Amino acid sequence: DSHVMWGNFKSTVNSGGYLKSERSLYGAQARYRSEATTSFGERKREVELYAAQPGTLPQRDILRGTGGSAYFLKRQDISIGSETISVQLRDPVTGSIVETLQLSYGKDYTIDYVQGVIILSRPIASTVAGAGAVRDTSLGNYTINLVAQYEYTPTAGEVDGYSYGGRAQTWLADKVRLGATGMVEETGNGAIQADQEMVGVDVKIRHSETTYLSAEYAQTRGAGFGTSASTDGGLSIIDDTPAGIANRIAMAWRVEGQLDLADITQGQIAGRIGAYFEEKEAGFETLNHNIDVDQRIWGAFAHFDLSDKMTLGLVYEDFSDDDGKKRLQASIDASLQLDEYWKITVGAKYSDLRDPAAAADQNGERTDVAVQIAYKPSDDREIYAFAQATVAKSGRRERNDRAGIGARIRLSEKVGVEGEVSYGTSGLGALVGLTYDPTADEHYYLGYRLEAERTKTQTALDGRDLGQIVVG
């Protein structure tokens with residue numbers, strides 16, 4: 001609620017898109033939230049302002065999931081309670097964030113602030129399958145990252161800078177939201193060139209929660225603090241070079257809309273259609289964006305509930321950047337609930353990849369078709385089988401044939417098991433896991449994971465890859 005304070009606080013400035021601050025600071029914070037609310041429950045007017053002279057610096061680590069539950073941060077002696085931990089799903093080609101899950105201390109993870117070690121309650125894999133029937137790799141389409149934002153005290157030099165900013169937003173006539181965000185970071189440390197200014201505006205026009213049109217424009221100037229990345233849980237970690245440049249402004253903008261067909265047909269047709277367009281300039285730098293080359297992405301989607309047992313989904317997306325990297329993909333998927341236990345899903349996907357930096361077998365056009373059959377007699381038991389094949393391709397683009405079976409079974413209230421094995425063009429893929437939950441707060445895991453396409457980008461991997469055994 002509304003307040004004015006001086007002391008320790010965590011900034012919660014968030015535009016809902018490009019700009020947000022998750023820093024734990026010491027200084028002044030003022031927050032106003034109107035008593036009046038919209039019919040959807042939001043406060044009609046909100047303002048947050050903050051100003052601080054922090055004695056710490058922010059650090060952001062992006063740690064690729066390993067299948068385990070222990071992850072090592074780049075820094076040690078972390079400020080207690082300063083962390084914001086989340087799990088992100090990203091598209092490996094475009095870098096777009098598909099989904100973000102915020103984690104809670106104690107429930108989802110614990111952290112050793114002195115050693116800089118995070119222990120998750122449950123392990124996270126390195127990849128996960130998408131909503132479509134066609135898989136791009138043996139175990140999934142999207143990469144999974146553990147993202148840690150926290151504060152630390154640098155060992156070299158002093159921090160004598162400032163951090164200030166804020167956000168204001170208001171709802172007009174219950175249907176239109178206008179917002180503005182601004183933030184400034186000054187380190188006051190000549191050894192750390194991370195001074196940055198960020199401003200943005202956004203608007204949202206809605207008919208309902210699921211029918212809306214939104215747009216956002218943001219620009220940044222300066223390097224920012226950048227991020228560090230690891231593919232092995234933090235055992236080896238490298239700094240991503242910040243794309244931002246001092247005294248150079250870079251912008252990003254996005255517009256998206258969605259229409260719930262039930263809103264315009266009085267509930268006669270169930271389904272949603274939508275589209276989006278986004279452009280980002282080289283040098284645009286925020287917590288979730290480090291853009292080193294101009295890029296554009298646009299797409300459209302549709303989902304229809306044809307009946308209480310059948311759904312149909314269509315997706316189209318076109319991505320390109322000024323380095324010559326391009327990806328166009330289109331897919332269609334249909335699911336049919338045959339009866340109480342059986343479900344069948346079929347799909348087709350067309351993709352066209354052009355990447356000058358990729359191997360020849362990763363470039364070209366390809367069309368894949370897939371089918372999956374699942375048997376789920378209860379919430380504790382599911383068995384499935386899938387198969388997919390490439391029906392057309394161009395150039396030296398690698399085929400994407402694969403078939404496999406899998407199961408997820410809860411043996412008792414405390415013990416569960418899951419497994420999957422498949423074979424295809426890229427080789428053998430396998431996943432086996434055993435979970436033991438003696439109490440609501442205790443979770444143990446023993447697993448094995450073999451990704452046919454697995455590579456290590458930061459250290460040499462010699463010999464044959466026999467997969468990973470994970471205990472947590």
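In this text, all values refer to a predicted model and were calculated from it rather than measured experimentally. Sequential numbering from 1 along the given sequence is applied to the chain's residues.
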Review point. Does any N or O in the side chain of Ser121 come within less than 3.5 Å of the main-chain N or O of Asp108, such that one atom is a donor and the other an acceptor?
Key: yes
Review point. Are the charged groups of Arg327 and Glu317 less than 4.0 angstrom apart, N to O?
Key: yes
Review point. What is the distance from atom CD of Gln88 to atom CG of Leu146, rounded to the nearest 0.5 Å?
Key: 9.5 Å
Review point. Any donor-acceptor pair under 3.5 Å linking the side chain of Asp294 with the backbone of Ala282?
Key: yes
Review point. Going by distance alone, is a donor N or O of one side chain under 3.5 Å from an acceptor N or O of the other, for Ser228 and Gln59?
Key: yes
Exercise for review: Report yes or no: does Thr38 contribute a side-chain atom to a donor-acceptor pair with the main-chain N or O of Lys44 at less than 3.5 Å?
Suggested key: no
Check your understanding: Which pair of heavy atoms, one from Gln149 and one from Pro58, lies closest together, and at what distance?
Key -> NE2-CB, 3.6 Å
Check your understanding: With a 3.5 Å cut-off and no angle check, do the side chains of Arg402 and Ser422 form a donor-acceptor pair?
Key -> yes
**Study point:** side-chain contact (heavy atoms from CB on, under 4.5 Å) between Tyr164 and Glu186, worked out
**Key:** CA-CA 9 Å; Tyr164 55 92; Glu186 298 178 0; 4.0 Å; yes
Point to revise | Derivation and outcome, salt bridge (charged side-chain N to carboxylate O under 4.0 Å, His left out), residues Asp1 and Arg43 | key: CA-CA 10 Å; Asp1 289 330; Arg43 303 296 180 104; 3.1 Å; yes
Point to revise | Full working for side chain to side chain donor-acceptor pair (under 3.5 Å) between Arg167 and Gln169 | key: CA-CA 7 Å; Arg167 173 170 172 80; Gln169 68 175 44; 3.0 Å; yes
Review point. Hey, does the side chain of Arg135 reach the backbone of Ser138 with a donor-acceptor pair shorter than 3.5 angstrom?
Key: yes
Exercise for review: Output yes when a side-chain donor or acceptor of Asp322 lies under 3.5 Å from a complementary backbone atom of Val293, and no otherwise.
Suggested key: no
Check your understanding: Shortest non-hydrogen contact from Gly67 to Tyr445?
Key -> O-CE2, 3.9 Å
Review point. Where is the tightest heavy-atom contact between Val134 and Gly347, given as atom of each residue plus distance?
Key: CG2-O, 4.2 Å
Check your understanding: Hey, what do you get for CD1 (Ile273) to OG1 (Thr211), rounding to the nearest 0.5 Å?
Key -> 9.5 Å
Practice item. Fit a plane to each ring of Phe284 and His289, take the angle between them on a 0 to 90° scale, and name the class: parallel (under 30°), tilted (30 to 60°) or perpendicular (over 60°). Key: tilted
Review point. Using 4.0 Å as the upper bound for N to carboxylate O, is an ion pair formed by Lys349 and Asp136?
Key: yes
Practice item. Please identify each residue that fulfils side-chain contact (heavy atoms from CB on, under 4.5 Å) with Ala215, with sequence neighbours left out. Key: Val203, Val255
Exercise for review: Taking atom types as modelled, find out whether Ser230 and Asp232 have a side-chain donor-acceptor pair closer than 3.5 angstrom.
Suggested key: yes
Practice item. For side-chain contact (heavy atoms from CB on, under 4.5 Å), just list the numbers for Tyr350 and Leu328, CA-CA rounded to whole Å, side-chain angles, deciding distance to a tenth of an Å, and then say yes or no. Key: CA-CA 8 Å; Tyr350 166 82; Leu328 183 153; 3.6 Å; yes
Review point. Okay, side chain of Asn363, backbone of Ala359: is any donor-acceptor separation there less than 3.5 Å?
Key: yes
Review point. Within the side chain of Ser96, is there an N or O that forms a donor-acceptor pair under 3.5 Å with the backbone of Asp91?
Key: no
**Study point:** Set of ring-ring contact (aromatic ring centres under 6.0 Å, His included) partners for Tyr316, sequence neighbours left out
**Key:** Trp298
Revision key, fill the gap. Residues at least two apart in sequence or cross-chain that pass ring-ring contact (aromatic ring centres under 6.0 Å, His included) with Tyr105, listed by chain then number, are Tyr109
Review point. Quick one: CG on Asp61 to CD1 on Ile118, what's the gap to the nearest 0.5 Å?
Key: 8.0 Å
Check your understanding: Under 3.5 Å, is there a donor-acceptor pair between the side chain of Lys175 and the main chain of His207?
Key -> yes
Exercise for review: Could you pull out the closest heavy-atom pair between Tyr71 and Ile124, with the gap in Å?
Suggested key: OH-CG1, 3.2 Å
Review point. Lys204 and Asp202: salt bridge (charged side-chain N to carboxylate O under 4.0 Å, His left out), yes or no, with the steps?
Key: CA-CA 7 Å; Lys204 183 174 184 177; Asp202 55 274; over 6 Å; no
Review point. Can Asp352 and Arg397 be counted as an ion pair, charged N to O under 4.0 angstrom?
Key: no
Practice item. Provide the full list of side-chain hydrogen bond (donor to acceptor under 3.5 Å, both in side chains) pairs with a residue in residues 7-23, sequence neighbours left out, each pair given once. Key: Lys10-Thr84, Ser11-Ser21, Thr12-Arg31, Thr12-Glu48, Ser15-Glu216, Tyr18-Glu278, Lys20-Glu22, Arg23-Glu151, Arg23-Glu185
Point to revise | Min side-chain heavy-atom separation Thr220-Gln196 under 4.5 Å | key: yes
Review point. How about Asp174 and Phe40: do any of their side-chain heavy atoms sit closer than 4.5 Å?
Key: yes
Point to revise | Beyond-backbone contact of Tyr26 with Phe9, side-chain heavy atoms, under 4.5 angstrom | key: no
**Study point:** NZ/Lys326: more than 12 non-hydrogen atoms of other groups inside 6.0 Å
**Key:** no
**Study point:** Flag, side chain of Arg60 to backbone of Leu287, donor-acceptor distance under 3.5 Å
**Key:** yes
Review point. Can you find a side-chain donor-acceptor pair between Thr390 and Asp368 that sits under 3.5 Å?
Key: yes
Point to revise | Shortest non-hydrogen contact between Asp263 and Ser208, atoms and distance | key: OD2-OG, 2.6 Å
Review point. Any chance CZ of Arg296 has more than 12 other-residue heavy atoms, nucleotides or ligands included, within less than 6.0 Å?
Key: yes
Review point. What's the shortest heavy-atom distance between Ser24 and Gly81, and which atoms?
Key: OG-O, 3.8 Å
Point to revise | By side chain to side chain donor-acceptor pair (under 3.5 Å) - contacts of Trp253 (at least two apart) | key: Glu279
Point to revise | Contact check, side chains of Val87 and Leu120, non-hydrogen atoms, under 4.5 Å | key: no
Point to revise | Note, Leu314 side chain near Phe304 side chain (heavy atom, < 4.5 Å) | key: yes
Review point. Atom OG1 of Thr127 and atom CG of Leu139: how far apart are they, to the nearest 0.5 Å?
Key: 5.0 Å
Practice item. Measure the shortest side-chain to side-chain distance between Leu73 and Ile237 over non-hydrogen atoms and say whether it is less than 4.5 angstrom. Key: no
Check your understanding: Is the closest side-chain heavy-atom distance between Leu57 and Tyr152 below 4.5 Å?
Key -> yes
Point to revise | Neighbour count >12 (heavy atoms, 6.0 Å) for atom CG, Leu101 | key: yes
Check your understanding: Below 4.5 Å, heavy atoms only, C-beta onward: do Phe72 and Gln115 meet side chain to side chain?
Key -> no
Practice item. Could you check Asp239 against Lys74 for salt bridge (charged side-chain N to carboxylate O under 4.0 Å, His left out), going step by step and ending with a plain yes or no? Key: CA-CA 10 Å; Asp239 292 329; Lys74 180 177 181 179; 2.4 Å; yes
**Study point:** Heavy atoms from other residues, nucleotides or ligands near CD of Glu35 exceed 12 (cutoff 6.0 Å)
**Key:** no
**Study point:** Gap separating the CG atom of Asn247 from the CZ atom of Arg221, nearest 0.5 angstrom
**Key:** 6.0 Å
**Study point:** Thr286 side chain vs Leu19 backbone, donor-acceptor pair below 3.5 Å
**Key:** no
Exercise for review: Would you please name every residue forming a side chain to side chain donor-acceptor pair (under 3.5 Å) with Thr227, sequence neighbours left out?
Suggested key: Asp240
